[in-house]
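In what follows, a structure is listed as structure tokens, so that the remarks can point back to it.
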Number of protein chains: 2
Amino acid sequence: MISGKFAITIHILTLLTKFPDEYLSSEFIAGSINLHPVLVRKEIANLKKNSIVESKEGKNGGTKLLKSAAKISLDTIFRMTFDTVSFGFSKNEPNPNCPVGKQINKNLENLYGKINEKISLQLSSISLEDFSNQF
Amino acid sequence: MISGKFAITIHILTLLTKFPDEYLSSEFIAGSINLHPVLVRKEIANLKKNSIVESKEGKNGGTKLLKSAAKISLDTIFRMTFDTVSFGFSKNEPNPNCPVGKQINKNLENLYGKINEKISLQLSSISLEDFSNQF
DNA sequence: AAAACTGTAACATTTTTTATTACTTAATAA
DNA sequence: TTATTAAGTAATAAAAAATGTTACAGTTTT
């Protein structure tokens, strides 16, 4: 399962794309997603860390895109919303005394790596603008 | 994140591939994965439902492959270990009064569908035999 | 009949995700 | 210059999901 973070982040960015000249508040965005504003701000913090958006504090503050939606690839968002590999496994400590158990994680990671490459390739051909134009 | 079920199921199948003529017990398999035998049996139930393995109850019972590992594609396992879409989202109920909120799920599902196709395509070229030969 | 298995339901625990509260800092407008 | 509105963030709580355990019925072999 893809983390909800990806969906939330895409949602935030779609809204920002629709209002490229305005600072949107986390409360307004949270209202569209139906989510707590603090969670929105957390995802925005992540977007800021990756130089995709900028925020303004204080009255009439909010968040807006730092670059045009055409220049933001969904692949960037995909990679951003997962700390490690996205298509991977959590914890898994097989028996090191078993020939299969000893190697399974290495082989699975290799497989997941290939899958993630395919996902990235697919997403890199889609810009935030493309996605937003569907609305 | 891929569900641990995929990893567990691949692990089970790799063991069965290594001992194609024996009925392996859930306890033996659980020892290699380092998992509770009941969870192994639950995944085996899923494999049985998909006609990939057969089990024998009673003394000296266990599980074995129903067909050759060369004829089992990892894509089949991928699809099997996810009830719905794998690369998808859990719950998400955006605001239906917002033009973006109203459509986001449809558009995300469409995107996830494309991604899942790519994953399937990638995995359909890998057989269980290929994977097991790495060990 | 005893032993060694699978099958499954019910329940418990742990982990992860999501939500909330509370408070600090910053910018704007009155 | 003060009130207001908004971001930033840490700490905590609640809910959901994943994982683990127990218990026991049904099967097959010895």
Side-chain angles (χ1 to χ4, degrees), chain A residues 1-9 11-12 15-16 19 22-31 33-50 52-66 81-84 86 88-95, chain B residues 1-9 11-12 15-16 19 22-31 33-50 52-64 66 81-86 88-95:
Chain A
M1 298 272 191
I2 198 176
S3 120
K5 288 185 181 185
F6 180 78
I8 291 167
T9 302
H11 196 142
I12 293 169
L15 289 169
L16 295 179
F19 303 93
E22 294 176 43
Y23 284 95
L24 301 185
S25 77
S26 62
E27 191 148 356
F28 172 81
I29 295 170
I33 306 181
N34 195 18
L35 200 74
H36 201 281
V38 170
L39 296 181
V40 172
R41 294 207 284 270
K42 276 183 187 162
E43 293 316 314
I44 284 173
N46 199 13
L47 285 164
K48 283 174 65 178
K49 208 167 65 193
N50 288 275
I52 293 168
V53 305
E54 61 169 332
S55 291
K56 203 172 72 173
E57 293 188 28
K59 195 165 183 181
N60 298 334
T63 302
K64 70 194 277 288
L65 290 181
L66 253 183
T81 49
F82 301 98
D83 323 307
T84 58
S86 49
F89 48 87
S90 20
K91 66 160 182 244
N92 190 18
E93 296 180 38
N95 186 345
Chain B
M1 296 272 190
I2 196 175
S3 122
K5 288 186 183 186
F6 181 77
I8 291 166
T9 302
H11 196 142
I12 293 169
L15 289 169
L16 296 179
F19 303 95
E22 292 175 44
Y23 285 95
L24 301 184
S25 76
S26 63
E27 191 146 359
F28 173 81
I29 294 170
I33 306 181
N34 194 18
L35 200 73
H36 202 282
V38 170
L39 296 182
V40 172
R41 294 207 283 271
K42 276 181 189 166
E43 293 316 313
I44 285 174
N46 200 13
L47 285 165
K48 284 173 64 179
K49 208 167 63 191
N50 288 274
I52 293 168
V53 305
E54 62 170 332
S55 290
K56 201 172 74 175
E57 292 187 28
K59 196 168 183 178
N60 299 335
T63 302
K64 70 193 277 288
L66 254 183
T81 49
F82 301 97
D83 324 307
T84 58
V85 275
S86 49
F89 49 87
S90 20
K91 64 155 187 250
N92 190 16
E93 295 181 39
N95 186 345

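Just so you know, these numbers use all the heavy atoms, side chains as well, and skip hydrogens, waters and symmetry mates. Naming: A, B, ... by sequence-line order, numbering from 1 per chain.
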Rounding to an integer number of Å, can you tell me how far [X] [atom1] sits from [N] [atom2]?
X	N	atom1	atom2	value
B:Ile44	C:dT8	CD1	C1'	14 Å
A:Glu54	D:dG8	CD	P	11 Å
A:Lys49	D:dA7	NZ	C1'	17 Å
B:Asn46	D:dA18	CG	P	14 Å
A:Glu93	D:dG20	CD	C1'	15 Å
A:Glu27	C:dT21	CD	P	13 Å
B:Tyr23	C:dG7	OH	P	12 Å
A:Glu43	C:dT17	CD	P	11 Å

*State which of C:dG7, D:dT21, D:dG8 makes the closest approach to the side chain of A:Ser55.*
D:dG8
*Minimum-distance nucleotide to A:Ala45 side chain [options: D:dA7, D:dT9, D:dT5]*: D:dT9
_Separation of A:Leu65 CG from A:Ile12 CD1 (nearest 0.5 Å)_ =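 Going from the CD1 atom of A:Ile12 to the CG atom of A:Leu65 covers 11.0 Å.
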Under 4.0 Å between a side-chain N/O of [X] and OP1 or OP2 of [N], yes or no?
X	N	answer
B:Ser25	C:dC5	no
A:Asn60	C:dA29	yes
A:Lys56	C:dT28	yes

*Side chain of B:Asn34, backbone of B:Ala30: donor and acceptor closer than 3.5 Å?*
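Between the backbone of B:Ala30 and the side chain of B:Asn34 there is no qualifying donor-acceptor contact (under 3.5 Å).
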*Between A:Gly58 and B:Thr63, which has a closest nucleotide on DNA chain C that is more 5'?*
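Its nearest nucleotide lies further toward 5', so the answer is B:Thr63.
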*Kindly indicate whether the side chain of A:Lys64, heavy atoms from C-beta on, has any atom under 4.5 Å from the side chain of A:Glu54.*
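They are in side-chain contact.
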*Decide yes or no for B:Asn95 and A:Ile33: does some side-chain heavy atom of the first lie under 4.5 Å from some side-chain heavy atom of the second?*
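Not in contact.
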*Between A:Lys42 and A:Lys59, just flag the one whose closest nucleotide in DNA chain D comes earlier from the 5' side.*
A:Lys59
*Measure across A:Leu66 and A:Val53 and return the closest heavy-atom pair with its distance rounded to 0.1 Å.*
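Scanning both residues, the minimum pair turns out to be CD1-O, 3.6 Å.
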*Output the residues of residues 34-41 of chain B in contact with DNA chain C, where contact means a heavy atom of the residue under 4.0 Å from an atom of the strand; sort by number or write none.*
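B:Val38, B:Arg41 - these, ordered by number, are the residues of the stretch whose heavy atoms sit under 4.0 Å from the strand.
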Could you give the side-chain donor-acceptor pairs of residues 38-45 of chain B under 3.5 Å, partners two or more places apart or in another chain?
from: B:Arg41; atom 1: NH1; to: B:Ser26; atom 2: OG; distance (Å): 3.0

What donor-acceptor contacts under 3.5 angstrom involve side-chain atoms of residues 55-63 of chain B, with partners at least two apart or in another chain?
from: B:Ser55; atom 1: OG; to: B:Thr63; atom 2: OG1; distance (Å): 2.9

